[in-house]
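Worksheet: one structure, shown below.
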Amino acid sequence: MLLLGFGYASSASSGSMSGTVYNDARNTVSGALVQAMQHGSVKGSSLTDVNGIYNIDYLTPGRYDLKVTYVHYKDMLLKNVAVKSGRVS
């Protein structure tokens, strides 16, 4: 099982999502693929670094589904995550 900790940040015209991916033992996961999706299309993606941290920049404000994929783990989907312009959520 993968767990996802996240935050959002935004600028006036675009936003970003960042956070950390953990496994079920609460250890960070390096090399997981995190995708920001709208209506089934990938709008941005990032691989987690050695500390399990991902950052997806230049997202148009709106709602996204975050999909996390890693070998030997079940995919995780976090639905309806808001990215807002000009605000930090």
Side-chain angles (χ1 to χ4, degrees):
M1 177 164 112
L2 295 171
L3 304 172
L4 185 64
F6 65 95
Y8 331 77
S10 61
S11 67
S13 61
S14 68
S16 64
M17 292 185 200
S18 62
T20 306
V21 175
Y22 299 93
N23 64 19
D24 53 352
R26 300 291 298 163
N27 297 316
T28 58
V29 177
S30 174
L33 175 62
V34 181
Q35 298 172 306
M37 304 176 72
Q38 281 184 322
H39 311 291
S41 296
V42 177
K43 301 300 182 180
S45 64
S46 175
L47 289 175
T48 56
D49 65 14
V50 296
N51 296 311
I53 297 170
Y54 68 90
N55 192 27
I56 304 172
D57 293 320
Y58 307 111
L59 294 171
T60 303
R63 298 210 170 261
Y64 293 84
D65 293 339
L66 282 183
K67 182 180 179 181
V68 181
T69 306
Y70 191 69
V71 177
H72 304 296
Y73 285 88
K74 184 177 177 181
D75 292 354
M76 182 187 159
L77 185 63
L78 182 63
K79 293 187 171 203
N80 211 23
V81 179
V83 172
K84 297 179 182 180
S85 179
R87 290 178 44 190
V88 176
S89 299

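What you see below is based on every heavy atom in this structure, not just the backbone, and it leaves out hydrogens, waters and symmetry mates. In this text, all values refer to a predicted model and were calculated from it rather than measured experimentally.
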Where do V83 and G15 come nearest, in terms of heavy atoms and distance? CG1-CA, 3.6 Å
If we only count heavy atoms from C-beta on, is the Y54 to L66 side-chain gap below 4.5 Å? yes
Is T20 close to N51 at the side-chain level, that is, under 4.5 Å between some pair of heavy atoms? no
Please check if L33 and L78 belong to a single hydrophobic cluster, counting links between Ile, Leu, Val, Met, Phe, Trp and Tyr side chain heavy atoms closer than 4.5 Å. no
Contact summary for R63 and A82, nearest pair of heavy atoms: NH1-CB, 3.4 Å
Quick one: closest heavy-atom pair of I56 and Q35, and the distance? CD1-C, 4.4 Å
Same hydrophobic cluster for M76 and Y73, using side-chain heavy-atom links shorter than 4.5 Å among ILVMFWY? yes
M17 with M37, same ILVMFWY side-chain cluster at under 4.5 Å: no
Nearest heavy-atom approach of T48 to G31 is OG1-N, 2.8 Å
Taking atom NZ of K79 and atom CG of L77, what is their separation to the nearest 0.5 Å? 5.5 Å
Do L59 and Y64 have side chains that approach each other closer than 4.5 Å (heavy atoms only, starting at C-beta)? yes
Note, T60 side chain near K43 side chain (heavy atom, < 4.5 Å): no
Hey, what do you get for CG (N23) to OG1 (T28), rounding to the nearest 0.5 Å? 8.0 Å
Report the distance from atom CG of D57 to atom OG of S46, rounding to the nearest 0.5 Å. 8.5 Å
Please report the shortest heavy-atom distance between S14 and P61, naming the atom on each side. CA-CD, 4.2 Å
